[in-house]
Novice: 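Got a structure for you, questions after.
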Amino acid sequence: MKDMPQSKGLVIVGEAECERLVGRKDAFDAVQAVFAAMAKGDARNFPVVREALGHAEALYGFKSGFDKAGMVLGVKSGGYWPGNMAKGLTNHQSTVFLFDPDTGQLSALVGGNYLTAVRTAASSAVSIAHLARKDARVLGMVGAGHQSAFQLRAAAEQRAFDKVIAWNPHPDMLPKLGAVAEELGLPFEAVSQEDLGAQADVIITITSAFEPLLMKDWIKPGTHIACMGTDTKGKQEVDAALVASATVFTDEVAQSITIGEAQHAIADGSVTEDRITPIGAVINGDHPGRSSDDEITLFDGTGVGLQDLAVASVAARLAEADGSAQRISL
Ligand code: NAD
């Protein structure tokens, strides 16, 4: 075995290191690049597996893919354990495994919990950067759970917002989001759903809703909406008629029409698959994106495995660069 090429070894990056190393700009750049690669056909997601374990009421699965442009190969494995909160743990748990695309050898193990939030926020931020009106001033948030603070922080960096308004089905959760707005120096106001639609120039929805929370007639012309909560069959955050009246963009069309926000408009026939554009086409300059100040643009952010792999590979690279990565030989 003496002459065999040596493994480069396995890098291990824990949750705390990911949080310390991977900032919003790193995540934005990584997610934007992988969306662009997907639209060019240089990166693809493999079929997702998601199964009920029949134990601890848990849902477990994995999302994998290969980005040939970024040379990132791997799988995010994890799921949802509803009893975790009572044990002082996050209900969503995930870990990313990266492999050397040239040899298939395991190259990194990276904590996926913080990275999931930061890559999901980067996804809506990329959509705002490319699709929202440049003069957008009012940011509307629908949702006030774990993801919402990440979403707010990333969105606030994309336009010169002067106000944040919010609505949540559980109003008691709003003050925590308000504290994040305050920290960012933005006035925060809890409003009704109708007021949110009437005032907001950019709206992010990030809830676990199974019924529409925003109706078409409440939304003003020119609004950009990033629908981020719907990532499963049956979930829904906005009226299907709103999706039908908007110019629709997504991370991945195959997911948008099956598990994303567009699934309902597809099911009732008001939207066809060919009307949904991958955001990567806008990033690559192959689609103009917003075409007028009055157009409503809607980004259906379903969440793809390649986003996780992209930010995990950034974490592994940065941890190696600053010497904080644990390394073991295989
Ligand atoms: P969370 O449990 O911390 O918060 C849930 C949010 O949804 C809160 O605003 C809550 O008030 C609201 N909510 C709960 N039950 C509801 C119901 N029945 N109807 C309407 N609203 C309800 O969750 P989170 O971690 O903030 O995640 C929010 C959503 O985002 C989840 O649906 C999650 O699956 C989804 N998500 C999507 C992506 C993606 O890439 N698109 C990534 C991560 C999470």
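As the structure lists them, so they are numbered: ligands from 1, and atoms in each ligand from 1.
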Novice: May I ask you to decide if Met85's main-chain N or O and Asn91's side chain share a donor-acceptor pair within less than 3.5 Å?
Specialist: yes

Novice: Using a 4.0 Å heavy-atom threshold (strictly under), name the region of Arg119 that reaches ligand 1: side chain, backbone, both or neither.
Specialist: side chain

Novice: Are any of the N or O atoms of His92 closer than 3.5 Å to those of ligand 1?
Specialist: no

Novice: With respect to Asp231, determine whether any N or O atom, backbone or side chain, lies less than 3.5 Å from an N or O atom of ligand 1.
Specialist: yes

Novice: Give a yes/no verdict on whether any heavy atom in Glu211 is under 4.0 Å from an atom of ligand 1.
Specialist: no

Novice: Using a 4.0 Å heavy-atom threshold (strictly under), name the region of Lys235 that reaches ligand 1: side chain, backbone, both or neither.
Specialist: side chain

Novice: Looking only at distances, can you tell me whether any N or O atom of Gly301, backbone or side chain, sits closer than 3.5 Å to an N or O atom of ligand 1?
Specialist: yes

Novice: Kindly give the heavy-atom pair with the smallest separation between Ile165 and Asp195, and that separation in Å.
Specialist: CD1-O, 4.3 Å

Novice: When you group the ILVMFWY residues by side-chain heavy-atom contacts below 4.5 Å and let the links chain together, are Val142 and Ile206 in the same group?
Specialist: no

Novice: Measuring from atom 35 (C) of ligand 1, which candidate in Ala144, Gly229, Ala166 has the nearest non-hydrogen atom?
Specialist: Gly229

Novice: Is Leu213 close to ligand 1, meaning an N/O of one under 3.5 Å from an N/O of the other?
Specialist: no

Novice: Return yes or no for this condition: an N or O of His146 is under 3.5 Å from an N or O of ligand 1.
Specialist: yes

Novice: Should the proximity of Asn91 to ligand 1, defined as any heavy atom under 4.0 Å, be assigned to the side chain, the backbone, both, or neither?
Specialist: neither

Novice: Give, for atom CH2 of Trp81 and atom OG1 of Thr90, the distance between the pair rounded to the nearest 0.5 Å.
Specialist: 12.0 Å

Novice: Output the distance between atom CZ (Arg50) and atom NZ (Lys63), rounded to the nearest 0.5 Å.
Specialist: 7.5 Å

Novice: Which is it for Thr120 and ligand 1 at heavy atoms under 4.0 Å: side chain, backbone, both or neither?
Specialist: side chain

Novice: As a check for students: among Gln147, Met85, His170, identify the option with a heavy atom nearest to atom 24 (P) of ligand 1.
Specialist: Gln147

Novice: Which residues pass the salt bridge (charged side-chain N to carboxylate O under 4.0 Å, His left out) test with Asp308, not counting sequence neighbours?
Specialist: Lys76, Arg119

Novice: Could you tell me whether atom 2 (O) of ligand 1 has a protein heavy atom closer than 4.0 Å?
Specialist: no

Novice: Considering Ser208, Ala226, Gly303, Ala121 one by one, which has a heavy atom nearer to atom 17 (C) of ligand 1 than any of the others?
Specialist: Ser208

